[in-house]
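Below is one structure, written out as structure tokens, with a few remarks after it.
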Amino acid sequence: MSKKTPQAIRGTQDIFGAEAEAFAFVVETFERVRRLYRFRRVEMPVFEKTEVFARSLGETTDVVSKEMYSFDDRGGESLTLRPEFTAGIARAFLTNGWQQYAPLKVATHGPLFRYERPQKGRYRQFHQIDAEVIGAAEPQADVELLAMADQLLKELGIEDVTLHLNTLGDGASREAWRAALIEYFRAVKDQLSEESQERLEKNPLRVLDSKDPRDKPFLAGAPKIDAFLSEEASAFFAAVTSGLDAAGVKWVRAESLVRGLDYYRHTAFEFIPDGGSASAAALGSQSTVLGGGRYDGLMESLGGAPTPAVGWAAGIERLAMLVGAREEERLKVGIAVEHDDLVTAATWAASELRSQRLSVEIVANGSMKKRFDKAAKLNPLYLVSLHLDGEAPSFTIKNPEHSDAYATIKAVLVNAIAR
RNA sequence: GCGAUCAUAGCUCAGUUGGUUAGAGCGCCGGUUUGUGGUACCGGAGGUCGCGGGUUCGAACCCCGUUGAUCGCCCCA
């Protein structure tokens with residue numbers, strides 16, 4: 001029998017201490033901001049039938065074709081650990097009759113799973129916050145959603161990221177543009193990188209954000225989406241941008257920004273750290289911190305009625321990296337129990353103080369002489385010594401300059417030793 | 001899926017061209033001291049050097065494999 005301790009699964013994390021505090025700070029801030037915009041909280045299953053993702057994301061996307069955690073359950077049904085939120089929320093919208101609440105604004109957060117090579121800011125089990133507006137065709141929905149994202153980042157103290165914005169047009173615009181791109185790049189196909197040659201067949205829009213120097217010369221001359229936008233699509237995008245200006249959200253046009261998943265239409269966006277900024281350095285190559293767009297085509301792919309919708313998701317780990325380490329709240333009362341006969345009194349006092357919303361740590365193990373030092377190292381606002389004065393229980397309270405809770409603590413301790 | 005770097009005590013690391021019982025700081029445990037306290041000093045526990053093979057008289061060090069982490073590509077949040 002082996003005594004070896006099993007290792008954690010590759011790409012999973014055990015988050016602790018300052019990092020866990022930063023993680024919680026991101027979630028708490030998101031919860032607060034989401035209420036300001038009246039997004040309703042939803043809790044979603046962590047797994048769904050595989051087809052929920054396969055049909056909505058597109059069979060040929062990387063996520064579906066090689067990154068999903070799929071398995072057959074005991075009934076022989078193929079299930080998949082959610083690789084993203086949107087598909088599951090769309091499924092819930094259709095199966096629960098949430099159409100009655102449209103336009104429905106919902107927010108959630110939790111773990112997602114993707115079988116990828118782990119690296120900085122990228123994990124196999126990772127966590128996102130997510131916001132969606134379903135059943136709203138107006139550009140105002142895009143604006144509100146983006147304004148919320150912008151405010152969230154500001155409240156997290158992340159100032160050096162910028163909204164990169166693009167439009168993919170409506171279905172017809174997108175198809176015409178796509179065809180023109182294929183035609184343009186096919187003419188120079190043998191001069192492109194191997195990766196772009198492959199992308200050209202699978203997802204020609206992706207060629208546009210290639211970083212390969214062999215592709216660069218051809219990117220500038222590639223057809224632009226703007227030339228293919230229908231009148232309605234142009235008007236829609238203009239309404240989004242003017243709305244953002246009105247809301248005070250700074251943005252830049254990113255003509256080559258596309259989305260990886262098939263269901264996107266119209267607005268596509270990412271918040272990306274500014275070049276050379278502290279955030280860019282903190283994130284390494286995983287630069288997108290929040291991304292999303294409009295997915296008017298998704299509901300139909302799941303067998304529902306055409307339903308306009310727009311949403312975004314942001315990686316909690318990535319946001320937590322930008323927020324930096326956050327300290328745990330300072331301990332209020334540290335009690336050094338300097339004689340074993342006083343443990344009961346300390347337990348009673350701690351219970352009493354905690355019920356009055358004061359955090360308490362009891363130090364009652366190891367050498368009695370060192371307990372005070374140990375309690376002092378916890379850096380409490382009030383450092384309490386419980387000891388024997390001859391035969392009689394007694395106490396002292398250090399750091400009395402913090403007077404707000406001093407009287408309370410003293411009264412509790414007087415009762416504790418009198419018992 | 002591809003490429004690169006790394007893996008020594010609980011943590012951060014040192015270990016000189018392969019050569020005796022593998023070290024330090026911090027942390028932990030005990031004691032002394034400071035006669036009232038986060039100090040200083042002494043002592044202690046803790047490692048089959050990620051794991052498995054190989055080369056060698058001899059491997060933490062060289063070679064191969066493997067697992068994991070990190071960085072980049074890809075993809076994405």
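Every value quoted in this text rests on a predicted model; they were computed, and no experiment measured them. The basis for the numbers below is simple: all heavy atoms, side chains too, and nothing from hydrogens, waters or symmetry mates. Labels below follow one simple rule: chain letters A, B, ... track the order of the sequence lines, proteins then strands, and each chain is numbered from 1.
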Between atom [atom1] in [X] and atom [atom2] in [N], what is the gap in whole Å?
X	N	atom1	atom2	answer
A:Asp62	B:rC73	CG	C1'	13 Å
A:Arg318	B:rC76	CZ	C1'	6 Å
A:Leu152	B:rA77	CG	P	16 Å
A:Asp130	B:rC76	CG	C1'	15 Å
A:Phe30	B:rA77	CZ	P	15 Å
A:Leu57	B:rA77	CG	C1'	14 Å
A:Arg371	B:rC28	CZ	P	15 Å
A:Gln128	B:rC76	CD	C1'	9 Å

A:Ser367 vs B:rG31: side-chain N/O to OP1/OP2 distance below 4.0 Å: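 So the side chain of A:Ser367 is within the cut-off, an N or O lying under 4.0 Å from OP1 or OP2 of B:rG31.
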
Does any N or O donor sit under 3.5 Å from an N or O acceptor when you compare the side chain of A:Arg199 with the base of B:rC75? no

Taking only residues at least two apart or on different chains, which pairs with a member in [range] satisfy salt bridge (charged side-chain N to carboxylate O under 4.0 Å, His left out)?
range	answer
residues 155-169 of chain A	A:Arg32-A:Glu155
residues 273-294 of chain A	A:Asp142-A:Arg294, A:Arg294-A:Asp296
residues 338-353 of chain A	A:Asp340-A:Arg371

So, are A:Arg34 and A:Glu31 salt-bridged, with charged N and O less than 4.0 Å apart?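 Yes, charged N to carboxylate O under 4.0 Å.
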
Does A:Arg117 come within less than 4.0 Å of A:Glu67, counting only side-chain N to carboxylate O?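 Looking at A:Glu67 together with A:Arg117, the answer is no, because their closest N to O distance does not fall below 4.0 Å.
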
Residues [X] and [Y]: side-chain donor-acceptor under 3.5 angstrom:
X	Y	answer
A:Thr86	A:Glu132	yes
A:Glu317	A:Gln13	yes
A:Thr12	A:Gln125	no
A:Gln128	A:His109	no

Contacts of A:His387 that satisfy ring-ring contact (aromatic ring centres under 6.0 Å, His included) - sequence neighbours left out: none

Got a sec, which residues hit ring-ring contact (aromatic ring centres under 6.0 Å, His included) with A:Tyr184, two or more places apart in sequence or on another chain? none

When rounded to the nearest Å, what value does the distance between [atom1] atoms of [N] and [M] take?
N	M	atom1	answer
B:rG44	B:rG27	C1'	14 Å
B:rG15	B:rU32	P	39 Å
B:rU55	B:rA14	P	31 Å
B:rC71	B:rC13	P	14 Å
B:rU17	B:rA60	C1'	15 Å
B:rC11	B:rC28	C1'	11 Å
B:rC26	B:rA69	P	32 Å
B:rC51	B:rA59	P	15 Å

Is there a residue in residues 290-301 of chain A whose heavy atoms reach under 4.0 Å of RNA chain B, and which residues are they?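 A:Leu290, A:Gly291, in order of number.
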
Taking only heavy atoms on the protein side, list every residue of residues 358-366 of chain A lying under 4.0 Å from any atom of RNA chain B, sorted numerically. A:Gly366

Partner lookup for [N], please. Criteria are Watson-Crick or G-U wobble with both distances under 3.5 angstrom; report none if nothing qualifies.
N	result
B:rA14	none
B:rG1	B:rC73
B:rG65	B:rC51
B:rG43	B:rC29

Under the side-chain contact (heavy atoms from CB on, under 4.5 Å) criterion, do A:Lys410 and A:Phe395 qualify, and how do the steps go? CA-CA 9 Å; A:Lys410 187 174 178 182; A:Phe395 67 86; 4.1 Å; yes

Any protein N or O atoms within reach of nucleotides 34-41 of chain B? Criterion: under 3.5 Å, listing atom names and distances.
{"residue": "B:rG37", "atom": "O2'", "partner": "A:Asp373", "partner atom": "OD1", "Å": "3.0"}
{"residue": "B:rG37", "atom": "N1", "partner": "A:Glu338", "partner atom": "OE1", "Å": "3.4"}
{"residue": "B:rG37", "atom": "N1", "partner": "A:Glu338", "partner atom": "OE2", "Å": "3.4"}
{"residue": "B:rG37", "atom": "N2", "partner": "A:Glu338", "partner atom": "OE1", "Å": "3.0"}

side-chain contact (heavy atoms from CB on, under 4.5 Å) with A:Ala233: which residues, sequence neighbours excluded? A:Asp170, A:Ser173, A:Leu229, A:Ser230, A:His266

Euclidean distance, A:Arg124 CZ relative to A:Tyr69 OH, rounded to 0.5 Å: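 So the gap between those two atoms works out to 4.5 Å.
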
For A:Ser196, check side-chain hydrogen bond (donor to acceptor under 3.5 Å, both in side chains) against everything at least two apart and list the hits.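 If we apply the side-chain hydrogen bond (donor to acceptor under 3.5 Å, both in side chains) test to A:Ser196, skipping adjacent residues, the hits are A:Ser193, A:Arg199, A:Asp215.
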
Sorted by first residue and then second, give each ring pair (Phe, Tyr, Trp, His ring centres under 6.0 Å) pair with at least one member in residues 312-352 of chain A; sequence neighbours left out.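 Every pair satisfying ring pair (Phe, Tyr, Trp, His ring centres under 6.0 Å) with a residue in residues 312-352 of chain A: there are none.
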
At 4.0 Å (heavy atoms only), tell me whether A:Glu270 reaches a base, stays on the sugar-phosphate, or touches nothing.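 If one applies the 4.0 Å heavy-atom cut-off, A:Glu270 turns out to touch nothing in the nucleic acid.
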
Which part of the nucleic acid, if any, lies within reach of A:Glu116 when heavy atoms closer than 4.0 Å are counted: base, sugar-phosphate only, or nothing? base

Atom pairs, N/O to N/O, protein against nucleotides 67-71 of chain B, distance under 3.5 Å?
{"residue": "B:rU67", "atom": "O2'", "partner": "A:Gln7", "partner atom": "OE1", "Å": "3.2"}
{"residue": "B:rA69", "atom": "OP1", "partner": "A:Gly11", "partner atom": "N", "Å": "3.0"}
{"residue": "B:rA69", "atom": "OP2", "partner": "A:Arg10", "partner atom": "NH1", "Å": "2.6"}
{"residue": "B:rC71", "atom": "OP2", "partner": "A:Lys120", "partner atom": "N", "Å": "2.3"}

